[in-house]
Amino acid sequence: PHFYLEAAADVGALLELHRQAKQRPGCAGLTLTHWIVQALGLALEAEALYRRVWHDEGLLELPDSDVALAAATDKGLYVGVARRVGQQSLMHNSNALNELTQRARSGRLSAQDSGGGATCVSNLGGTRVRHVFPIILPGQSTILGVGRTEGLFRPDANGAPVLRQELGLVLACDHRVLNGIDGARLLDAIVARLEDPLSMLLTAQ
């Protein structure tokens, strides 16, 4: 029972902070996907409702802000799960996700690497796709589809056109677990963090 919610995040500040971060020693492996996973993990950590999944016996609340990441490989799509994302730093999660992606591409993902979690990120931002309408993974309750970043002119407070960098986001929700306003609040929480990227560096320990 999917329903979909769509939003755009102004990621101009994020792109600039990301550019600066990648110049730091040890940050070469940092990607925009890692920032998106971080934003989602922090939203889950802040609100237990978003960590709920549908279970045979009813709703089950998961204890940790685990976030899965879909990775395309030559053998198909594999999913690794980063643990306690909302409790860890951006670089800790970045390293964990890179390791999971390497395992996926080499066929070394274990059941422990890919099981659990309430949500997932599916990122097609490196393609021409503007919006991704993903299917929720079995056992989870949401999935965030990420499209490409586009430069668009938007009016400022005075009506003058301003060039903004907008990232298309689509959140798929399981209606047995979340209603429309729940999903909207989760998507708003993700967008708010992406538009204030410095907050993601100051929140997780």
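This structure is a prediction, so every number in the text was calculated from the model and none was measured.
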The remaining residues in the hydrophobic cluster of Val129, counting side-chain heavy-atom contacts under 4.5 Å among Ile, Leu, Val, Met, Phe, Trp and Tyr, are Leu124, Val132
Tracing side-chain contacts under 4.5 Å among Ile, Leu, Val, Met, Phe, Trp and Tyr outward from Val162 reaches none
Shortest non-hydrogen contact from [X] toward [Y]:
X      : Y      : result
Val191 : Ala7   : CG2-CB, 4.2 Å
Gln140 : Gly117 : CG-O, 3.3 Å
Ser65  : Gly41  : CB-O, 3.5 Å
His131 : Val170 : CB-CG2, 4.0 Å
Phe3   : Asn179 : CZ-O, 3.4 Å
Tyr4   : Pro134 : OH-O, 2.7 Å

Under the side chain to side chain contact (heavy atoms under 4.5 Å, CB included) rule, collect the residues that match up with [X], sequence neighbours excluded.
X      : result
Asp188 : none
His92  : Gln88, Ser89
Ser110 : Gln112, Asp113

Spatial distance of atom [atom1] ([X]) from atom [atom2] ([Y]) [nearest 0.5 Å]:
X      : Y      : atom1 : atom2 : value
Leu97  : Gln38  : CG    : CD    : 9.0 Å
Asp66  : Thr119 : CG    : OG1   : 11.0 Å
Leu69  : Ser114 : CG    : OG    : 12.5 Å
Leu32  : Leu167 : CG    : CG    : 8.0 Å
Cys120 : Ile143 : SG    : CD1   : 4.0 Å
Arg83  : Asp64  : CZ    : CG    : 8.5 Å

What about [X] and [Y], same hydrophobic cluster or not, with Ile/Leu/Val/Met/Phe/Trp/Tyr joined at side-chain heavy-atom distances under 4.5 Å?
X      : Y      : result
Leu42  : Leu201 : yes
Trp54  : Tyr50  : yes
Ile136 : Leu169 : no
Leu15  : Ile190 : yes
Val146 : Leu77  : no

Sequence neighbours excluded, the answer for ring-ring contact (aromatic ring centres under 6.0 Å, His included) partners of His55 is none
Residue pair [X] / [Y], side-chain heavy-atom distance below 4.5 Å:
X      : Y      : answer
Val53  : Leu62  : yes
His18  : Lys22  : yes
Val67  : Val81  : no
Asn123 : Ile36  : yes
Val37  : Trp35  : no
Arg103 : Leu109 : yes
Leu30  : Leu90  : yes
His175 : His2   : no

Mark yes when over 12 heavy atoms from residues, nucleotides or ligands other than [X] sit less than 6.0 Å from its [atom1]; otherwise mark no.
X      : atom1 : value
Ile135 : CD1   : no
Arg130 : CZ    : no
Arg128 : CZ    : no

>> Looking at Arg193 and Glu195, is any side-chain nitrogen of the basic one under 4.0 Å from a carboxylate oxygen of the acidic one?
In response: no
>> Between the side chains of Arg154 and Glu166, is the shortest nitrogen-to-carboxylate-oxygen separation below 4.0 Å, so that they form an ion pair?
In response: yes
Determine whether Asp174 and Thr142 satisfy the following criterion, side chain to side chain contact (heavy atoms under 4.5 Å, CB included), listing intermediate values before the conclusion. CA-CA 6 Å; Asp174 183 342; Thr142 58; over 6 Å; no
- Task: Determine yes or no for a side-chain-to-main-chain donor-acceptor pair under 3.5 angstrom, with Glu47 supplying the side chain and Leu49 the backbone.
- Result: yes
- Without swapping roles, check the side chain of Asn95 against the backbone of Met91 for a donor-acceptor pair under 3.5 Å. yes
